[in-house]
Amino acid sequence: MSANPRFSSRVTRACALLALGTLSLQAWGQATPPLVPPAAQAQNANGGTWTFSHWKPRLLDLGLGGAMRLRGTQSEASLGVSVRRDEQVESARLHLRYTLSPALLPDISHLKVMFNDQVIQTLVLPKERLGQPQSVDLDIDPAYFADYNQLQFEFIGHYTLDCEDPENSSLWAEISAESTLDLGLRRLPLRSDLGLLPAPFFDPRDNRQVDVPMVYGAAPSLGELKAAGSVAGWLGVLAAYRGNRFPVFENSLPPRSAIVVASNAHRPDFLRDLPPVDAPTLSMMAHPDLPGAQLLLVLGKDDAQVQQAAEALALSTAALSGQTMRVTDIKRPAPRKAYDAPRWISSERTVTLGELVDRPSELQLRGTALHGTVRINARMAPDLFTWNAQGIPLNLQYRYTPTPFSDRGALNVALNGQFLKSYPLHASGDSQGKVNALLPLVGDTPGQTRSNMKIPAFMVGGDNQMQFSFQIPPAELGRCRSTQPVELRAALDPQSSIDLTGLDHYIAMPNLAAFANSGYPFTKYADLAQTAIVLPAQPTATDIQTYLTAVARMASSTGYAGTRFTLLAPAQIREAGNRDILLIAHGDSDGLLQQWHADMPAVLAAGKRSVQPLERGLHRFYDLFSMSEGAPTRPSEGSTTLEGDGPLAAIVGLQSPLTPERSVVALTATDPGAMRLISQSLNDGAKVERLHGDLSLLRGDTIESFRINPVYYVGDLPWYKRLWFHLHTHPLLLALLGIAAGLILTLLVYGALRSLARQRLEGRDA
C-alpha cells in the first residue's frame, strides 16, 4: 500500500503533547545503578574497531521517479542525499550514466555535476560521442557531506552560434535513474540517552526501509508480544511511506541496534545481570557485542507493566530523556472516535489543502517556463459511500504570474493520474486576466482566481493523490534575447479546500484492497480499539514479524500508534467478541482455519491447500469503487484439496463467524518461508495494488486476486438510501414495486373519490 511522510513530524508532536499531560515519568536518581551490565560497560570502554558498511543506492532509490531530463539552454535539477545521524561518510563515488543530445555544439555545451554547490566535474563530450549513453565514475570528497545534501546537475546546451531558440527540442540531457552512489559509511557511537529517540531506530534523513530487530527471551508471552505491537505502531507512524521490517530474535542479539522487550521473569540471557525493575521502565544501553550500537529496553515487573512501558514509548517520546526512566503513573488518552485518524481527511468538516502539506512552499512552483505539478496526498476513509453521489466539492484558489502569452497555458487537475478538468489561464493584457491573475501570493484580492469543481465520487479511494499541473509558456522576447527571461510563479492558495461532509460510510466486504491500502476495517478506529489480533499458540519468528509489520502498516495509514487492540491465542477466540479479527497463522496447527473452513475461500496448511473454485478475478478498480450486489459470488460449490511442498501464502477476507457485522482478515501460509511473502508484499506499493477481492494468493513475485464468496455490507446508511441502493440492481423487482405502488395509489384515490361522491348523493356535501 502507497504512504505519505508529510504528516509524520506533525503527528508525532501532536501525540506527544496529548500524552504528556497524562503521563508521569520519574528519572532514576544517582543512587539507582544504571541498567547496563558491567561486562557491557567494560567491553565498550575498551573500544574496538568501528563498524564500516557500504550503501550503494540508485538515484531511483533516493527518490528520483524516473530519468532526470534537463531541457533548454540552461537548466538545473537536484536530488536529496541524506546521511543518518549515526553515520559518517568515509568515501563517496558517483557512478553516473547519462546521455547528451546529438544536436549540441560540443565546444560550448556541457553538463556540470555539483554536490552541495561544490563543483565535482564538468562533463564535455566530443561530437562523435554525443547522443550515445555514457558512464563515468566521479569521486566526491567526504568533507562535502552535511546532514542534508543535494546532488546537483546543471546543463548548458547550445545548438548554433547564431540566434537560437532557448526552448528548442534538440536541447536536452538525460541522467539515468540507474546511476548509483557508492557510500562508504562508518557507524558513529551514540550515547545511551532516551532523549535521542527515535534514533538510532528511525532517522528522518534516511529514506530507506526502517529495519528494527525485536528481541525477546525464549518463547515470548502474549503480553510481551502485545507490547511489541505498540512499539511497532510507534515506528509505523514515523516510517510512513518507507515501510517497516521487524526481524525477530529469541534469546539472541542481532549485530546492530535493537529493541528488547522483557519482564523480570522472562529475560534474554544477556540481561541476566540486569537488576529487576519494580515499575514500567524504559532504558537505553550500549550493545554488549557491537561498539556504537544501542539497545532500547522495554521492561516491566510483569506483562502488564511491560505493556505500560511500551505505551509510554508510543505516546510520549518527547517527554523522555536520560539513560533510564520509569513510568510511575499512566492515564491513557481518551478513546479515538471512528474515522478521526490524523492522516485521514475528515468527513465532519471542510479541510483546507494547506492542512495536507507540511509547508506552504509545497503548493508553489517557479521557473522561467512553468511545466510543473503540485502533488498533494489525500488519504480518506476507504468506506465512503460514493454511489450515486454528485461529486466531492473542491474549492480551488490559485495565482500565477501573468505574461502576454500566459493565455496559451492552462491549469490541469487530475486525481490518481486520471484527468479531471482544465482551466484556461489569461494573458497580462486581458481585461479578464487583470481580475483573475495577480502576482502577489498573499491576501484575498480581486486577482485571486477561484473555481468550484466536483471530483467524481467513483474515482475516490482510500489512498489518493491530487495533481495540479501548471503549464505557462515563457514570454517570447525574440530569437536573440537582450534581457534575462522573467521568472514565473504559480501557487495554490492554502485556503483551497475539499469537502467530504455529507458522505456516509458504507462498503461491500470482504475488501482486501481496503485492508492493503488503509488497514480497513481495523483502522476505522485509529487506536485499534475494535480490533482483535489472533496469533498461533506457538508463534514462529515469521508469524511475529508478519504481525508487527501489519500493525505498523495500520499506524502508517492512520498516523496514530494503535495500542488498544486485543492480542489473543486461538483458544481465546471467543473473547474477540464484537471486534474485527486479524488472524495470523502459517499452516493450521491450532485448527482454527479448519474450524472456519466453510466460510473461507482457501485454507493453507503444511504440505496441502484447500481452495474454492477460482474462476474469476476482479480488477482492483472495480473492487475499490463498485458497491453493487451484482459482484460475482461463489461460481460453484465444492473445493479442491492439493498436496505438495511448494510455498504458497494467502491473504483471505471473510465475514466473521462470531459476529455477522464484523470482518476477518487472515494472513496465512504453508510454511514460515512463504509467510515472509506477506510482510514483503505489505511494504511494496506495486504489490499492494494487486491485492483485492476476498482472496489473494502469493507465489514468489506473483500475486493473483479473486472474488470467491458473496459480499456483505458494513457501515451506516439512512434507511431510504439503503433501500434504494439495494433495489437498484434488481430492475424487475423495481418494476413490480412501481406497479404495486401505482395500484395502491390508484385504489386510495378511487376510494377517496367514491367517498366524496357518496357524501354528495346523501346531501352531506358542504
Side-chain angles (χ1 to χ4, degrees), residues 19 22-28 32 34-37 194 197-198 201 212-236 246 248-253 257-285 294-317 319-320 323-333 527-528 532-533 535 539 541 543-545 547-548 551-552 555 561-569 572:
T22 60
L23 183 66
S24 298
L25 300 172
Q26 176 181 339
W28 283 20
T32 305
L35 294 183
V36 181
L194 294 169
L197 290 174
F201 311 105
V212 181
M214 291 284 185
V215 182
Y216 309 91
S221 65
L222 282 180
E224 293 170 342
L225 294 175
K226 170 68 164 58
S230 299
V231 175
W234 165 60
L235 291 169
F246 300 100
V248 174
F249 293 79
E250 294 187 4
N251 206 24
S252 62
L253 270 176
S257 298
I259 297 177
V260 183
V261 181
S263 61
N264 285 345
H266 190 225
R267 289 183 173 179
D269 291 342
F270 61 86
L271 292 182
R272 285 180 178 177
D273 297 332
L274 196 72
V277 299
D278 59 1
T281 302
L282 297 170
S283 180
M284 292 289 289
M285 64 171 279
Q294 294 287 323
L295 300 179
L296 172 60
L297 309 183
V298 182
L299 306 174
K301 181 174 62 176
D302 51 27
D303 286 354
Q305 287 194 359
V306 173
Q307 293 178 36
Q308 291 176 1
E311 291 187 26
L313 175 67
L315 300 176
S316 61
T317 308
L320 302 177
Q323 182 178 354
T324 300
M325 301 198 79
R326 64 179 190 172
V327 183
T328 57
D329 182 43
I330 183 170
K331 295 179 181 178
R332 287 181 168 184
D527 56 6
L528 305 184
I533 301 177
L535 289 176
D543 292 332
I544 299 173
Q545 180 176 337
Y547 147 66
L548 297 176
V551 173
T563 61
R564 292 180 179 269
F565 62 89
T566 302
L567 190 63
L568 303 172
Q572 303 170 302

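Hydrogens, waters and symmetry mates are skipped; everything else that's a heavy atom, side chains included, is used.
- Defined by atom type and a distance below 3.5 Å, a donor-acceptor pair is present between the side-chain atoms of Thr324 and Ser283.
- A heavy-atom distance below 4.5 Å is not found between the side chains of Leu299 and Val306.
- Separation of atoms OG1 (Thr281) and CG (Leu297) is listed at 9.5 Å; rounding is to 0.5 Å.
- Judged purely by atom type and a 3.5 angstrom limit, Arg326 has no side-chain atom pairing as donor or acceptor with the backbone of Val277.
- Using a 4.5 Å heavy-atom cutoff, the side chains of Arg267 and Leu274 are in contact.
- Between Val231 and Leu296, every side-chain heavy-atom pair lies at or beyond the 4.5 Å cut-off.
- Sorted by first and then second residue, the side-chain hydrogen bond (donor to acceptor under 3.5 Å, both in side chains) pairs with a member in residues 299-309 read Ser221-Asp303; sequence neighbours excluded.
- When side chains are defined from C-beta on, Pro220 does not count as touching Val261, because their heavy atoms never get closer than 4.5 Å.
- Nearest heavy atoms, Ala258 versus Phe201: O-CE2, 3.3 Å.
- A distance of 12.0 Å separates NZ of Lys226 from CG of Leu535, quoted to the nearest 0.5 Å.
- Side-chain contact between Ile259 and Leu235 is present, with at least one heavy-atom pair separated by less than 4.5 Å.
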Exercise. Show your working on side-chain contact (heavy atoms from CB on, under 4.5 Å) between Phe270 and Leu295 and close with a plain yes or no.
Key: CA-CA 12 Å; Phe270 61 86; Leu295 300 179; 4.1 Å; yes
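- Within the model, atoms CG of Leu313 and CG of Leu194 stand 8.5 Å from one another, a figure rounded to the nearest 0.5 Å.
- Heavy-atom minimum distance, Ala555 versus Gly233: CB-O, 3.2 Å.
- When atom types are taken as modelled, the side chain of Ser257 and the backbone of Gln294 share a donor-acceptor pair closer than 3.5 angstrom.
- A pairwise comparison of heavy atoms in Leu225 and Pro539 identifies CD1-CG, 4.2 Å as the closest pair.
- Residue Asn251 comes nearest to Pro268 through the heavy atom pair OD1-CA, 3.3 Å, listed as atom of the first residue, atom of the second, then distance.
- Atoms CD and OG1, from Gln572 and Thr566 in turn, are 10.0 Å apart once rounded to the nearest 0.5 Å.
- Leu253 and Phe249 get closest at one heavy-atom pair: C-CD2, 4.5 Å.
- Atom OH of Tyr547 sits about 3.5 Å away from atom CZ of Phe565, to the nearest 0.5 Å.
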Self-check item: Step-by-step side-chain contact (heavy atoms from CB on, under 4.5 Å) determination, Val260 to Met285
Solution: CA-CA 10 Å; Val260 183; Met285 64 171 279; over 6 Å; no
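- A distance of 11.5 Å separates CG of Leu567 from CD of Glu224, quoted to the nearest 0.5 Å.
- Between Val327 and Ala312, the closest heavy-atom pair is CG2-CB, 3.6 Å.
- Listed by chain and residue number, Asp527 satisfy the salt bridge (Lys or Arg N to Asp or Glu O under 4.0 Å) test with Arg564 (two or more places apart in sequence, or in another chain).
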